[in-house]
**Student:** 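The structure that follows is given in the form of structure tokens.
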Amino acid sequence: MNLFFNVRKRIISCIDKLAASEAIPHGLALDNIAVEPPRDAAHGDVATNAAMVLAKPAAMAPRDLAEKLGRLLEEFDEVESADIAGPGFINIHLRLPFWHQCLGDILDLKNRFGESTIGEGKKVNIEYVSANPTGPLHIGHARGAVFGDVLASLLTKAGYDVTREYYINDAGAQVDALARSAFLRYREVLGYEIGQIEEGLYPGAYLKPVGQILAKKYKEKFENSSESEWLAPVRNVAIDEMMKLIRSDLAKLGVEPDIFTSERALVDSGEVVACLNDLDSRGLIYEGVLDPPKGKKLDEWEPRPQTLFKAVEFGDDIDRALKKFDGTWTYFAGDIAYHRDKFNRGFSYQIDVWGADHGGYIKRVQSAVKAVTDNQATLDVKICQLVKLLDNGKPIKMSKRSGNFVTLRALVDEVGKDIVRFIMLTRKNDAPLDFDLSSVTAQSRDNPVWYVQYAHARCNSLSRMIARQMPGLDITYSSLKASKFELLTEKSEIDLIKLMAGWPRLIEASAIAKEPHRIAFYLNDLASAFHSLWTQGKESPSLRFMIEDEPELTRARVALVCALQMVIASGLELLGIKPLEEMR
RNA sequence: GGCUCCGUAGCUCAACCGGAUAGAGCACCGGCCUUCUAAGCCGGGGGUUGCAGGUUCGAGUCCUGCCGGAGUCACCA
């Protein structure tokens, strides 16, 4: 399905032939042979460095080897020419019928076009968002949510068996602070004056409904009781309510994790203790004193003995604490157990999506994963950089402390989920992203969402036009599939097919690199090629899609547009975006 | 100071696990609307890929050292 993969097979068969004829040695390493589109389309459809890679081990001059390979490649029907260029590249031009066949394949496969098997059904766990259950999600979470969700779709399309997971940090001091904040709201409902909410608690109004739920559930039960009595029950209610809130925020964005795992449940079930006992039995835990960090902040440093994990043995910079001063587990201790738990659930391939502020935590967790799975698991961590929210070029100020920050919900209500999703993927994940509220809804070339949707809608507008102007022409799906593709001979038409033919390769490359943003960029390219072709019809009537006295040519061109629409739609589908049928 | 990420056209960014003459958009200049949505398209100028070395047939991409920016730095999550 991936044409570059197919050409690669051809090339390797040619290498085998050369080896069989003793022209080159047997068993040369083929791993470094690249088969890819040349940067400059004038160089051909497919280029390979095979001759350059093999030249040295074959003890031949690259160009001589290229010559031999090229001649053999030209024996294949679909190969028009195989030219030698530069230091020994082989540039392959494919014949028109090959591209016409591609178009037919796309129409046959519909939105399954682009599916790949490189994942080989391997289980992958993608953990993303994983925000503290202490309040509504904000705009920064939106990026991680979209990134993780689309990465999951992408890997699914590439043949992996993907599980989307959300880790609930419901065991630390933060949720105790949440409980205390909710308790204040509870007292507020009971008629007490709560005054200024103290530093360190959550002042947001979103906890008022939780206060009411508590009041309804417990009446005056905790009115005069001590914290040790009310903390746990209030905390449970508050966490439940926050998770409901978070789940509905995510759902608004079209994000629905497959499973939610609770940190507290891991602690309560003894998983954390079991995990650390295991490390301890292997001599990887000790009581020790860390050196102070070099450079800054020397003043507040006090050397203290702590329970430490030998992270250095597994690649981290220093050993890491497992217990806090009060004797409870650190977040890290829970995280070790959590990643081990994922491994025990069958995920030897794990991906975590984190915010930029957690970058310093990567080595630590990776070292733990190595230790705890005996190097049997791979953990990739993808970092999403900050999102800067702007309005007409001016930054919108946000402060989480005051409870005054732009929520994900408010953002989605303002511009819509599809736009949020697309814009979040208009930058590489590790680059900062500007999100300008005023420009993302603009209907112009510089708004990529609009531009891609417009291309999709334009495809429909062609069908409508045909129905009106050429009512006798059958452009049902089955008729389009049977149309005469050989009538498509214009360069720009074939170029469009070539671009579409690159979709499977793009999926695979994006999946390997774990870079879903490439899909958004590709869709932009596709849209651009189509808009260009469309406008060419203005100047050259022969290039129009609809030509009334040439029904067969028109049908073939509609088939081309139909295929394009399918590819755009399946790309948008991958991004979790609904393609628009018409622009309004 | 340690670690991580980033540094590409005036601006915002691409560049497919090392490939050929580094590409788009915006802005600027010049064209294209009785005709499928001009909400668009075409053309032009614009670069020592932060600097200096190294690895090799070949480096924006890999390695080392600097410069500049962001994040982070026992015990929080």
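Everything numeric in this text was worked out from a predicted model, so none of it was measured. Every chain is numbered from 1 and lettered A, B, ... according to where its sequence line falls, protein lines coming before strand lines.
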**Student:** Using a 4.0 Å heavy-atom cut-off across all strands, classify A/N91 as base, sugar-phosphate, or nothing.
**Tutor:** base
**Student:** List in chain and number order the residues that pass side-chain hydrogen bond (donor to acceptor under 3.5 Å, both in side chains) with A/K363, two or more places apart in sequence or in another chain; answer none if no residue qualifies.
**Tutor:** A/D317
**Student:** Consider the side chain of A/W450, meaning its heavy atoms from C-beta on, and name the nucleotide among B/C16, B/A77, B/G40 that approaches it most closely.
**Tutor:** B/G40
**Student:** For A/P37, report the nucleic acid contact type (base, sugar-phosphate, nothing); a contact means any heavy atom under 4.0 Å.
**Tutor:** base
**Student:** Distance from A/Q536 atom CD to A/S542 atom OG, nearest 0.5 Å?
**Tutor:** 9.5 Å
**Student:** A/H358 side chain: which of B/C42, B/A77, B/C75 is closest?
**Tutor:** B/A77
**Student:** Side chain of A/R518, heavy atoms from C-beta onward: which of B/A20, B/A15, B/A74 has the nearest atom to it?
**Tutor:** B/A15
**Student:** Please classify B/C33 as syn or anti, treating any glycosidic angle within 90° of 0 as syn.
**Tutor:** syn
**Student:** Please pick, from B/C76, B/C41, B/A74, the nucleotide with the shortest atom-to-atom distance to any side-chain atom of A/T330.
**Tutor:** B/C76
**Student:** So what does A/S528 hit on the nucleic acid, given a heavy-atom distance under 4.0 Å: a base, only sugar-phosphate, or nothing?
**Tutor:** nothing
**Student:** Consider the side chain of A/W534, meaning its heavy atoms from C-beta on, and name the nucleotide among B/C16, B/A38, B/A77 that approaches it most closely.
**Tutor:** B/A38
**Student:** Mind running side-chain contact (heavy atoms from CB on, under 4.5 Å) on A/Q565 and A/N460 for me, showing each step along the way?
**Tutor:** CA-CA 8 Å; A/Q565 191 172 25; A/N460 280 340; 2.9 Å; yes
**Student:** What residues from residues 168-177 of chain A pass a heavy-atom cutoff of under 4.0 Å to RNA chain B?
**Tutor:** A/N169, A/G172, A/A173, A/Q174
**Student:** Let me check I have this right: for RNA chain B, each base becomes ., (, ), [, ] or |, based on Watson-Crick or G-U pairs with both distances under 3.5 Å. What is the full string?
**Tutor:** (((((((..((((.....[...)))).(((((.......))))).....(((((..]....))))))))))))....
**Student:** How long is the line joining CG of A/L506 and C1' of B/A15, in whole Å?
**Tutor:** 12 Å
**Student:** Between A/R445 and B/C41, does any side-chain N or O lie under 4.0 Å from OP1 or OP2?
**Tutor:** yes
**Student:** Is the Lys NZ or Arg CZ of A/R458 less than 6.0 Å from the centre of A/F530's six-membered ring, within 45° of the axis?
**Tutor:** no
**Student:** Return the nearest nucleotide to the side chain of A/A321; candidates are B/A20, B/A74, B/G71.
**Tutor:** B/A74
**Student:** How would you label the contact of A/A442 with the nucleic acid (heavy atoms, under 4.0 Å): base, sugar-phosphate, or nothing?
**Tutor:** nothing
**Student:** Residues in side chain to side chain contact (heavy atoms under 4.5 Å, CB included) with A/R505, at least two apart?
**Tutor:** A/N2, A/F4, A/E36, A/P37
**Student:** Is the ring centre of A/H43 under 5.5 Å from the base ring centre of B/A20, and are the two planes under 30° apart, so that they stack?
**Tutor:** yes
**Student:** Does A/A85 reach a base, just sugar-phosphate, or nothing at all? Heavy atoms under 4.0 Å.
**Tutor:** base
**Student:** Sticking with atom P, work out how far B/A77 lies from B/C3, rounded to a whole angstrom.
**Tutor:** 27 Å
**Student:** Enumerate the protein-to-nucleotides 3-13 of chain B contacts in which both atoms are nitrogen or oxygen and the separation is below 3.5 Å.
**Tutor:**
residue: B/C3; atom: O3'; partner: A/K363; partner atom: NZ; Å: 3.2
residue: B/U12; atom: O2'; partner: A/R427; partner atom: NH2; Å: 2.5
residue: B/C13; atom: O5'; partner: A/R427; partner atom: NE; Å: 3.1

**Student:** Would you verify whether the NZ or CZ of A/K122 falls within 45 degrees of the ring axis of A/Y349 while also being under 6.0 Å from that six-membered ring's centre?
**Tutor:** yes
**Student:** Just to confirm, is there a sub-4.0 Å distance from OP1 or OP2 of B/A77 to any side-chain nitrogen or oxygen of A/K324?
**Tutor:** yes
**Student:** When the distance from CG of A/L523 to P of B/G25 is rounded to whole Å, what number comes out?
**Tutor:** 17 Å
**Student:** What interatomic distance, in whole Å, is found between C1' of B/C42 and the corresponding atom of B/C33?
**Tutor:** 14 Å
**Student:** Consider the side chain of A/N49, meaning its heavy atoms from C-beta on, and name the nucleotide among B/G40, B/A20, B/G19 that approaches it most closely.
**Tutor:** B/G19
**Student:** For RNA chain B, determine which residues of residues 455-467 of chain A have any heavy atom closer than 4.0 angstrom to one of its atoms, and list them numerically.
**Tutor:** A/R458, A/S461, A/M465
**Student:** Just call it for A/Y451: base, sugar-phosphate, or nothing, with non-hydrogen atoms closer than 4.0 Å on any strand.
**Tutor:** sugar-phosphate
**Student:** Between B/C41, B/A15, B/G19, which nucleotide has the shortest distance from any of its atoms to the side chain of A/E515?
**Tutor:** B/A15
**Student:** Would A/K323 and A/W329 count as a cation-pi pair here, with the cationic atom under 6.0 angstrom from the ring centre and within 45° of the axis?
**Tutor:** yes
